[in-house]
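Shown next, in structure tokens, is the structure this report addresses.
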Amino acid sequence: MPAITLPDGSVRRFEGAVTGADVAAAIGPGLARAALAMKVDGRPQDLARTIAHDASVVFITRRDDDALEMIRHDAAHVLAEAVQALYPGTQVTIGPSIENGFYYDFARNEPFSPEDFPAIEAKMREIVARNEPFVREEWDREEAIQFFAGRGEGYKAQLIRDLPESETITIYRQGAWLDLCRGPHMRGTGDVGTAFKLTKVAGAYWRGDHRNAMLSRIYGTAWRDQKELDAYLHQVAEAEKRDHRRIGREMDLFHIQEEAVGSIFWHPKGWRLYRTLESYMRRRQEAAGYEEVKTPQLVDRSLWERSGHWESYREHMFIATVEDEDKTLAVKPMNCPCHVQIFRQGLRSYRELPLRMAEFGACHRYEPSGALHGIMRVRAFTQDDAHIFCTEDQVAPETARFVAMLRSVYADLGFENFRIKFADRPTLRAGDDSTWDRAEAALREACRLADVDYTLNPGEGAFYGPKLEFVLRDAIGRDWQCGTLQVDYVLPSRLDAEYVGEDSARHRPVMLHRAILGSFERFLGILIEHHAGRFPLWLAPVQVVVASIVSDAAPYAEEVAATLRGAGLQATADTRNEKINAKIREHSLAHVPVLAVVGRREAESRQVALRRLGGADQTILSLDETVAVLREEATPPDLRAAIM
RNA sequence: GCCGGCGUAGCUCAGUGGUAGAGCAACUGAUUCGUAAUCAGUAGGUCCACAGUUCAAAUCUGUGCGUCGGCACCA
């Protein structure tokens, strides 16, 4: 006699086992119609499952977030049925729901093309219209393997073989079609609705391993209703307009060309943006007690062998040789071994620790061609890199200091939201397990002290130590690691760094590898997309354009621009023979934050009409006021704080 | 690196085997104009590269390079 507790706290008792659908019907016909699935004691389940014991039950309706995930999961099943109906011989593998949609991986000799989408979508709509109920069945393990193997579904058979013995094998039928699936599902294929769209095809390795066969993946998006789908598609279209590659061209910031794949040609405006960010970071680092260094670009392979990089990353390093010397040099892919060399010059004392050594280090890595992406994933980049040499006791306070600095920098640059991941020991690593135990424990403790909330990213640490990853999201929804902090007990030992302690004995320092931006290139890409090219005044490469209305005002426009430049602002005059409407349109499209419009009136009264990007109203100020207002506003946030 | 799409004027794109096109930008001239496109004219092309098929290739085939989307990788 199960007693069902509902979310409002009320309890309903039933004679014997009941299904979720029964319970919903008992509560009311409205709920019976709306309920798609349920959570029994917090576990999502099909509505058709029976409840035999006392339990708390929450019904999932279309409005719930859980429903969205189920719509997408069910849509994946509908997609798989449609594809197998249209393309006999195609094997199914897996098809989960993902953020904003779903995908299904198929094994088929011929790849799919977006041209196949209309036919597949039409078939999917048929299946949805039939509203076949999802029927759950529990199968015997061996029978299930035999069944799928017998149908030529080798991947499914393999999936079942690899399930743990304790796992119940469940099959979901939708009419004549069926799939191995853990569930749960909604009531029937009709609940998927029609607000879905196939979006792209892609190759994907079976089980995510590049040594395995490549499958054909079809991605789709699915929503509660057409309105939500339209809103999502509109958002995607808007996001494409923020793409840093597009804005980089539109604003004339940089370009990349075939003769230097993975390297950036920075144009004057882009380079000004870069230098503004670099100057800001340099000031912040100096204020935080870092000392800046510069180390060689070409370093003999012997150093990389000692550090362990040669073994792990040799094929990703650019190698340089010269004819009359029998040496192999590597273009540095990172700065840490060089920083250890500086640390090793002379005898270090514990009194010098923590020693914070920073470098805007230009690094080269031969990244796989498929990984390149605009300026965010390149082969030549500059890190805001630093290594903190410290004692074990200093790991936690230094981590806390670093995280506080990173938060402040990100806030200055407009990023309030970012995610932190804790990446622990990878399979291939240097250093013994006890060293890793200590490093991971130290970093965990440091996170606790610094009040850092993180998600675990298992097995993704650097080969020499665990790391924190600070992740930002681009306009298209892709996540990028920018900041990082890595605890390293291994390199100081491999490269023999030591200091004299209070006890006058020699000790190994711990190294904290850390970066806030990560690489200037990647961070600038994110920054461009985050602001959609509309930078705050202090970052904008062109801050003010002084536009003349008539040629009589041109000399005054030149004078205003020169005055602003004299005050340290990036200002140019636009005295072309164009209508003011055209000038405003052009500079607005170029994301110039401030337009100063001057006609005869302003020239006579020595005033300017200021117009802000995105606004339609104007403010009339004297030239002196204009300089004061804009100079104040263009002050970088760290210098502004110092003034106040 | 792997799978697939794409590569035509500075940019966005049209052109399915028979003499390379449009809009915007550029340039020239006219226009002196008050808050998101003034008008007219001119010029602009190894159709990514190489090889092949064909009387004939931007168009078909192959190879390479680049790029885009995923996957894998990211010290």
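Keep in mind that what you see is a predicted model, and the values were worked out from it rather than measured. Chain letters run A, B, ... following the sequence lines, proteins first and then strands; every chain starts at 1.
With a cut-off of 3.5 Å on both Watson-Crick or G-U wobble distances, the partner of B:G4 is given as B:C68. Base pairing of B:C74: no nucleotide in any strand meets the Watson-Crick or G-U wobble criterion (both distances under 3.5 Å). Base pairing analysis places B:G18 opposite B:C55; the two distances defining the Watson-Crick or G-U wobble pair are each below 3.5 Å. Searching all strands for a Watson-Crick or G-U wobble partner of B:A40 with both distances below 3.5 Å returns B:U28. Taking a pair to require two hydrogen-bonding distances under 3.5 Å in either a Watson-Crick or a G-U wobble arrangement, B:U35 remains unpaired.
Listed candidates were B:G34, B:G4, B:A75. Nearest to the side chain of A:V201 is B:G4. Relative to the side chain of A:V550, the nucleotides B:C65, B:U32, B:A75 differ in distance, and B:U32 lies closest. The nucleotide whose nearest atom lies closest to any side-chain atom of A:R478 is, among B:G34, B:G69, B:A75, B:G69. Comparing B:C71, B:C11, B:G34 by their nearest atom to the side chain of A:Y219 picks out B:C71. Closest to the A:Q486 side chain, of the nucleotides B:G69, B:A75, B:C33, is B:A75. Out of B:G69, B:G1, B:A37, the shortest distance to the side chain of A:P368 is found at B:G1. Considering only the side chain of A:Y313, B:A75 comes nearest among B:U35, B:G69, B:A75. Side-chain atoms of A:P333 lie closest to B:A75 of the nucleotides B:A72, B:A36, B:A75. Which of B:A75, B:G4, B:C71 sits closest to the side chain of A:M214 comes down to B:C71.
Ring-centre distance between A:F463 and A:H309: below the 6.0 Å cut-off.
Across all strands shown, A:A371 has heavy atoms under 4.0 Å from base atoms, whether or not it also approaches the sugar-phosphate. Using a 4.0 Å heavy-atom cutoff across all strands shown, A:R612 reaches no nucleic acid atom at all.
Residue pairs meeting the salt bridge (charged side-chain N to carboxylate O under 4.0 Å, His left out) criterion with at least one partner in residues 611-620 of chain A, sequence neighbours excluded, are A:R612-A:E633.
For A:R606, the salt bridge (charged side-chain N to carboxylate O under 4.0 Å, His left out) partners two or more places apart in sequence, or in a different chain, are A:E559.
Between A:H210 and A:Y205, the ring planes lie perpendicular to each other; the angle is over 60°, past the 30° to 60° tilted range.
Considering only side-chain N and O atoms, A:N581 lies under 4.0 angstrom from the phosphate OP1 or OP2 of B:A36.
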